[in-house]
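Encoded as structure tokens, the structure appears first; notes follow it.
Residue numbers count from 1 along this sequence.
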Amino acid sequence: MLTSDDLAFFSVLTGSKSLAESARKLNVTPPAVTQRLRALEEKVGVRLIDRSGRHLRLTEEGSLVASHSVIVSDAIDSLAEALADREGAVRGHLRVAAPHGFGRIYVAPVVEAFSREHRSATATLQLSDHPTALVVDSYEVVVHIGASAHLDQVVTTLAPNRRILCASPHYLASAEPISTPADLARHRCLVVRENEEDVTLWRFKGSRQESATVRVNPAMSSNDGAVIRDWALAGQGIMMRSEWAVAEDLAEGRLRQVLPHWLLPSADIVAILGSRHGRSARTAAFLTMLRLSLKPLPWRARLAQTPGQ
């Protein structure tokens, strides 16, 4: 008879590209994984995984076991969470995904604090260039910057975040003056191509609610925001970035804000909650800690120290 441990073991195999990867996830040796898989196949009397190629491939019977593994695993997790929630206990495994930069600076310390405070829970933080491209239901919390495309998911705002145009003092000193958005057409612009957004169409709102739209012709572009920041610091041109990412540079005078009286669309920090775990005690505890860590807003405090503010 198969046990829940057997199904949990097989779920790890089905989520891995190789037995070696499974061994790393299970913190055992590859021979130990091979031996346990062989014992599992002997128990059910059929071959579950084709190991003849470079990657693991499920047999028809393996696919059947895998699908039932998910059902049983979900049921066990749901029961454990329901019992823990009735006690108000924070247990189980917290899974969080976040963008690289923001996640490293603002989310990772909170995951560490959560783990220190709640010793009965474990935690995983997955940093990704595109956290929303991950399977959202595989995570309790997916931290995202800007509007979410997951309209069928529960989304909660964690903190406000403006977008800001900025450039180095060196670039601004040698370039033509910039008084309106239309002037940007004559300047070197740097853009981040992180997703499917039209990143070369910059939209502005003036102090009298007038609108302006500019199609910039990027002098340089990258899919990495840190690279764009480095180029801007080197005097290569004007970039649009989140205030959390440039607050320190603005406060230290390494960058200066361009067109401060024209507002760009905001890109608030939000949390997308996985449907199965969105209301668990551990998710609620983590979100509370994350929100508290962002009050008062650390980047607004730094921007208040910017010369001329």
Check your understanding: Is the shortest distance from a Lys or Arg side-chain nitrogen in Asp198 or Arg215 to a carboxylate oxygen in the other one below 4.0 Å?
Key -> yes

Check your understanding: With a 4.0 Å cut-off, would you call Arg47 and Glu61 a salt bridge?
Key -> no

Point to revise | Lys/Arg N to Asp/Glu carboxylate O, Arg300 vs Glu243, below 4.0 Å | key: yes

Ignoring hydrogens and angles, write down the donor-acceptor pairs under 3.5 Å from the side chains of residues 165-178, residues two or more places apart or on other chains.
residue, atom, partner, partner atom, Å
Ser168, OG, Tyr171, N, 3.1
Tyr171, OH, His187, ND1, 2.9
Tyr171, OH, Arg188, N, 3.1
Ser174, OG, His170, O, 3.2
Ser174, OG, Tyr171, O, 3.2
Glu176, OE1, Arg186, NE, 3.2

Review point. Does CD belonging to Glu210 count more than 12 external heavy atoms closer than 6.0 Å?
Key: yes

Review point. Could you state the interatomic distance from CZ (Phe10) to CG (Leu37), rounded to the nearest 0.5 Å?
Key: 7.0 Å

Review point. Between Asn161 and Ser242, does a side chain to side chain donor-acceptor pair (under 3.5 Å) hold up when you go through it step by step?
Key: CA-CA 7 Å; Asn161 173 58; Ser242 288; 3.0 Å; yes

Practice item. Measure the spacing between CH2 of Trp202 and SG of Cys189 and express it to the nearest 0.5 Å. Key: 4.0 Å

Exercise for review: Using distance alone, with no hydrogens and no angle criterion, decide if Arg291 and Thr156 have a side-chain donor and acceptor under 3.5 Å apart.
Suggested key: yes

Practice item. Decide whether Thr283 and Ser280 meet the rule of one side-chain donor and one side-chain acceptor closer than 3.5 Å. Key: yes

Exercise for review: Could you tell me which residues satisfy salt bridge (charged side-chain N to carboxylate O under 4.0 Å, His left out) with Arg116, sequence neighbours excluded, listed by chain and number?
Suggested key: Glu112

Check your understanding: Between His93 and Thr124, do the side chains contain an N or O donor and an N or O acceptor separated by less than 3.5 Å?
Key -> yes

